[in-house]
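Everything on this sheet refers to the single structure shown next.
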Amino acid sequence: MNLSRTIGLCFLMGSLPLYDKAQAQTHCAPTDAVMDISARQISAGVGYLWGHGTLSAGEHVYAFTVRGGGMPSIGSISLSGRGCVHNLGRVQDFNGTYWTLGGTLTVHHGTTGIVMENARGVDIDLHARTRGAQLSGQISRLSFRLVNRPLQPAAPTVDKIHLN
């Protein structure tokens with residue numbers, strides 16, 4: 001067996017325990033916002049990612065889009081996951097450019113963990129399942145944008161309901 005196959009097999013075998021850990025639901029602190037995301041990425045040296053999701057902040061849910069890319073990367077994947085959004089003082093601070101540094105190895109099914117931050121100090125800790133085939137060790141720049149007003153209004157709480 002040649003050296004590159006041996007290294008690749010060791011890397012793949014070493015990443016299998018991470019799959020079970022990423023299957024567990026992401027637990028965020030009560031003060032964190034929560035994001036759910038679905039995206040696709042294609043790459044041939046330079047990768048391009050696009051997708052959408054929802055941001056749950058307090059009692060409101062907001063739609064967002066994400067676009068961006070990074071390099072070096074080769075392959076194509078789809079990903080879906082959940083992340084904790086830390087340091088979100090105002091929901092408008094979610095908008096912006098986030099920088100990431102990391103890598104992904106996906107062969108059919110995989111997992112990834114991505115930590116990113118924007119210029120306003122908002123941090124996202126994303127855990128996602130991946131599907132497809134991709135090898136990347138990349139520096140990425142992703143742009144997140146809220147689409148409109150909240151998708152759903154604040155839900156009434158028990159103490160706000162008047163029973164007659």
Side-chain angles (χ1 to χ4, degrees), residues 15 18-43 46-73 75-106 108-134 136-161:
S15 66
L18 297 176
Y19 181 76
D20 289 332
K21 289 182 182 177
Q23 298 300 313
Q25 187 177 14
T26 303
H27 296 288
C28 301
T31 57
D32 292 340
V34 177
M35 68 179 285
D36 290 296
I37 187 170
S38 178
R40 299 242 339 135
Q41 182 175 10
I42 58 171
S43 53
V46 176
Y48 180 71
L49 179 135
W50 70 97
H52 63 276
T54 57
L55 174 70
S56 300
E59 297 175 344
H60 296 328
V61 178
Y62 302 86
F64 68 84
T65 60
V66 59
R67 302 213 185 294
M71 63 182 288
S73 179
S76 173
I77 60 169
S78 60
L79 68 87
S80 62
R82 173 165 279 194
C84 300
V85 182
H86 312 285
N87 306 321
L88 187 64
R90 299 175 312 145
V91 75
Q92 296 85 358
D93 292 343
F94 179 76
N95 290 327
T97 300
Y98 290 77
W99 290 92
T100 71
L101 176 65
T104 302
L105 171 63
T106 298
H108 190 56
H109 292 311
T111 61
T112 189
I114 303 168
V115 177
M116 54 190 120
E117 181 178 8
N118 73 9
R120 294 183 182 104
V122 177
D123 299 314
I124 299 174
D125 184 10
L126 175 67
H127 300 276
R129 294 183 185 138
T130 57
R131 184 178 185 130
Q134 182 182 50
S136 72
Q138 61 183 315
I139 298 172
S140 299
R141 180 180 165 196
L142 302 175
S143 178
F144 286 83
R145 297 282 178 245
L146 294 173
V147 177
N148 285 320
R149 290 187 261 159
L151 294 176
Q152 65 188 56
T157 58
V158 174
D159 61 353
K160 292 182 181 177
I161 298 173

Inset, instruction - Take R67 and Y48, measure what side chain to side chain contact (heavy atoms under 4.5 Å, CB included) needs, and give me the verdict at the end. - result: CA-CA 8 Å; R67 302 213 185 294; Y48 180 71; 3.3 Å; yes
Inset, instruction - May I ask you to test the S73-Q41 pair for a side-chain heavy-atom distance under 4.5 Å? - result: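 Result yes, sub-4.5 Å side-chain heavy-atom pair found.
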Distance in Å, [X] [atom1] paired with [Y] [atom2], rounded so as to fall on 0.5 Å steps:
X	Y	atom1	atom2	value
Y98	R141	OH	CZ	13.5 Å
H109	I77	NE2	CD1	13.0 Å
M35	L88	CE	CG	11.5 Å
S140	M71	OG	CE	11.0 Å
N118	N95	CG	CG	9.0 Å

Would you name the heavy atoms of [X] and [Y] that are closest together and state the gap between them?
X	Y	answer
S78	R40	CB-NH1, 3.6 Å
I42	S76	CG2-OG, 3.7 Å
G132	T106	O-CG2, 3.4 Å
L55	A33	CD1-CB, 3.8 Å
C28	V34	SG-CG2, 3.9 Å
V91	L146	O-CD1, 3.5 Å

Inset, instruction - Would you sort out whether I114 and L142 count as a side chain to side chain contact (heavy atoms under 4.5 Å, CB included), showing the intermediate values? - result: CA-CA 12 Å; I114 303 168; L142 302 175; 5.7 Å; no
Legend entry - Residue pair F94, I124: steps toward the side chain to side chain contact (heavy atoms under 4.5 Å, CB included) verdict: CA-CA 10 Å; F94 179 76; I124 299 174; 3.9 Å; yes
Legend entry - Test side-chain contact (heavy atoms from CB on, under 4.5 Å) applied to A39 - qualifying residues, sequence neighbours left out: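 Partners of A39 by the side-chain contact (heavy atoms from CB on, under 4.5 Å) criterion, ordered by chain and then number, come out as L49, L79.
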Please confirm whether the backbone N or O of [Y] pairs with a side-chain atom of [X], one donor and one acceptor, at under 3.5 Å?
X	Y	value
N87	G121	yes
S43	G75	yes
T130	G110	yes

Legend entry - Test salt bridge (Lys or Arg N to Asp or Glu O under 4.0 Å) applied to D32 - qualifying residues, sequence neighbours left out: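 Applying salt bridge (Lys or Arg N to Asp or Glu O under 4.0 Å) to D32 gives none.
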Inset, instruction - Not counting sequence neighbours, which residues clear salt bridge (Lys or Arg N to Asp or Glu O under 4.0 Å) with R120? List them please. - result: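 R120: salt bridge (Lys or Arg N to Asp or Glu O under 4.0 Å) contacts with D93.
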Inset, instruction - Give the intermediate values and the outcome of side chain to side chain contact (heavy atoms under 4.5 Å, CB included) for residues F144 and I37. - result: CA-CA 11 Å; F144 286 83; I37 187 170; 4.2 Å; yes
